[in-house]
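Reviewing the structure listed below.
Below, chain A is the first sequence line, B the second, and so on; all start at residue 1.
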Amino acid sequence: MSLVAVIDYGMGNLRSVAKALEHVDPRARVRITDAAADIKAADHIVFPGQGAIGHAMTELQRRQLDQILLQQMGHKPFLGICLGLQVMMDFSEEDGGTGGLGLLPGQVKRFPDPHVDPVSNERLKVPHMGWNQLHQVRPHPLWQGIEQDSRFYFVHSYYVTTEDPDEIAGTCDYGLQFVAAACRDNMFAVQFHPEKSAQAGLKLLENFLQWDGQGG
Amino acid sequence: MGLAKRIIPCLDVDNGRVVKGVQFVDIRDAGDPVEVARRYDSEGADEITFLDITASSDNRDTIIHVVEAVASEVFIPLTVGGGIRKVDDIRRMLNAGADKVGINTAAVFNPEFVKEASDKVGSQCIVVAIDAKQVSGDGESKRWEIFTHGGRKPTGIDAVEWAGRMQAYGAGEILLTSMDRDGTKSGFDLDLTRAVCDAVSIPVIASGGVGNLQHLADGVTIGGADAVLAASIFHFAEYSVGEAKQYMAERGIEVRQ
């Protein structure tokens with residue numbers, strides 16, 4: 001029976017993530033936790049998050065989760081969601097400039113204000129909220145059984161950009177193209193909310209729980 | 001291709017059952033909320049909104065159980081409105097499995113609450129619900145005011161200005177209901193919708209008055225709404241959510257299918 005640690009650092013709604021994981025694998029033991037022992041014992045780590053990145057980094061450090069995560073990151077299948085993706089980057093513009101965990105090379109930027117679609121010339125709303133298409137740019141075990149350009153549920157005002165194409169698993173267009181999924185070795189992280197993305201999202205979570213962290 | 005316009009069925013919930021008032025008077029029972037939510041999800045609803053209209057504070061917890069039950073089976077965004085007055089109310093809803101909460105009257109009487117709420121739980125969780133009624137007469141330029149208590153009490157607050165202020169206070173989204181149209185099935189107040197959509201940079205959900213599928217499409221193409229909300233046309237199975245999406249897609253509106 002696999003143990004799944006959903007990292008609790010006080011940011012956002014973790015129940016939704018836990019419920020979706022329990023739904024796709026009723027045998028999995030899903031634990032919402034900030035305890036080092038749980039994270040070390042876990043077979044899979046899920047790193048969700050909503051809200052402001054400055055507060056997130058402060059909370060991670062205060063709970064000493066940044067060090068534990070960096071230790072545990074080496075081998076276990078790891079899934080970052082939304083702010084969980086952004087925190088993995090080198091740097092974010094948010095909160096006057098915030099350093100991230102630096103697990104993936106890239107920056108987090110705010111959508112421009114006003115944000116105008118260069119093609120249609122329409123003003124785009126920020127936050128980017130709702131169902132948008134995810135373009136898979138490389139094969140990955142987590143994409144298995146998910147159709148190309150499926151829609152997922154997004155809600156965010158900041159987006160990830162990177163110069164390293166090897167780390168990009170999927171992109172999305174919202175007036176500009178941004179990194180909607182990033183990966184490296186045993187890590188996978190997404191800007192959208194798989195736990196709120198109906199069948200496509202549940203499939204991704206199911207793939208994650210079956211993933212051994214290889215072949216990414 | 002890009003971001004889809006959303007269709008959001010709304011469930012009015014009283015004491016744990018789905019109901020829908022026509023002008024808040026004639027209430028018909030449309031069933032068990034979990035059953036209804038499951039049906040909407042299978043039809044392709046983009047989100048589901050619950051409006052708790054339970055009058056007695058003794059029975060307020062019934063909505064928590066509804067949200068918990070729905071969130072265990074339905075994996076799309078869930079919004080809960082009605083009776084949200086404190087940050088603690090918001091946390092209870094989020095812990096039960098809601099993704100967003102609708103703040104209505106409490107925002108009108110205490111706008112700072114919206115600021116406090118968005119600071120504590122993040123703007124993405126905060127939907128400010130605006131109930132507006134036209135107050136300008138014939139021949140005057142159109143003006144709408146916020147009304148409370150189911151559309152009975154005027155507040156003197158201009159609805160369009162209020163939307164801008166709520167955005168500045170940290171609202172992540174606006175749920176805009178025309179109290180003139182709600183329950184009439186005569187379509188959204190499109191001038192109101194357009195005025196609010198133009199005044200804010202956050203998404204706007206149009207609500208109040210949907211009687212057919214053309215009304216939904218008009219809310220997006222004429223009103224400029226990012227999402228459209230309807231209750232009775234879906235409850236009584238006049239149309240399915242899938243039919244609504246098909247209709248909109250045929251008119252060139254991008255939807256999730």
Please report, to 0.1 Å, the donor-acceptor pairs under 3.5 Å made by any side chain of residues 85-93 of chain B, with sequence neighbours excluded.
from    : atom 1 : to      : atom 2 : distance (Å)
B:Asp89 : OD2    : B:Arg85 : N      : 2.8
B:Asp89 : OD2    : B:Lys86 : N      : 2.9
B:Arg92 : NH2    : B:Asp61 : OD1    : 2.5

| request: Using heavy atoms and a sub-4.5 Å threshold, report which of residues 215-228 of chain B line up against chain A, by residue number. | output: B:Asp226

| field | Heavy-atom closest contact (B:Gly97 atom, A:Ser16 atom, distance) | value | O-OG, 3.8 Å

| query | Above 12 or not: heavy atoms from other molecules or residues under 6.0 Å from CD of A:Glu93? | reply | yes

| About how many Å separate CZ of A:Phe152 and CZ of B:Arg256, when rounded to the nearest 0.5 Å? | 10.5 Å

| remark: Value for CD (B:Gln124) from CE (A:Met129), rounded to nearest 0.5 Å, stands at 8.0 Å

| message | Determine whether a donor-acceptor pair (N or O, by modelled atom type, separation under 3.5 Å) exists between the side chain of A:Lys19 and the backbone of B:Glu68. | response | yes

| said: For a side-chain contact (heavy atoms from CB on, under 4.5 Å) check, start with the C-alpha distance between B:Cys125 and A:Gln50, then their side-chain angles and the critical distance, and finish with the verdict. | reply: CA-CA 9 Å; B:Cys125 297; A:Gln50 289 179 333; 3.9 Å; yes

| query | Any idea which heavy atoms bring B:Leu3 and A:Tyr174 closest together, and the distance? | reply | CD2-CE1, 3.6 Å

| request: Return the set of residues passing side-chain contact (heavy atoms from CB on, under 4.5 Å) with B:Gln167 (not counting sequence neighbours), or none when no residue passes. | output: B:Val200, B:Ser201, B:Ile202

With a 3.5 Å cut-off and sequence neighbours excluded, list the donor-acceptor pairs that the side chains of residues 112-122 of chain B form with protein atoms.
from     : atom 1 : to       : atom 2 : distance (Å)
B:Ser118 : OG     : B:Val114 : O      : 3.2
B:Ser118 : OG     : B:Lys115 : O      : 3.2
B:Ser118 : OG     : B:Tyr169 : O      : 3.3

| So do A:Ser197 and B:Phe75 actually touch side chain to side chain, heavy atoms under 4.5 Å? | no

| field | Over 12 non-hydrogen atoms of neighbours within 6.0 angstrom of CD in A:Glu163 | value | no

| message | Under 4.5 Å from any heavy atom of chain B, what part of A:His193 do you find: side chain, backbone, both or neither? | response | neither

| Between CZ of A:Arg15 and CG of B:Asp99, what distance do you get to the nearest 0.5 Å? | 12.5 Å

| Residue of the set B:Lys5, B:Arg6, B:Glu254 for which side chain to side chain contact (heavy atoms under 4.5 Å, CB included) holds with A:Trp131 | B:Arg6

| Counting only heavy atoms not in B:Glu73, do more than 12 fall under 6.0 Å of its CD? | yes

| request: Against chain B, label A:Ala198 side chain, backbone, both or neither, depending on which of its atoms sit under 4.5 Å from a heavy atom there. | output: both

| request: Give a yes or no on this: more than 12 heavy atoms of other residues, nucleotides or ligands lie within 6.0 Å of atom CD of A:Glu147. | output: no

| task | Without swapping roles, check the side chain of A:Lys196 against the backbone of B:Ile76 for a donor-acceptor pair under 3.5 Å. | result | yes

| query | Would you say B:Gln214 has more than 12 foreign heavy atoms packed within less than 6.0 Å of its CD? | reply | yes

| query | Crowded around A:Lys76 NZ? As in, over 12 foreign heavy atoms under 6.0 Å? | reply | yes

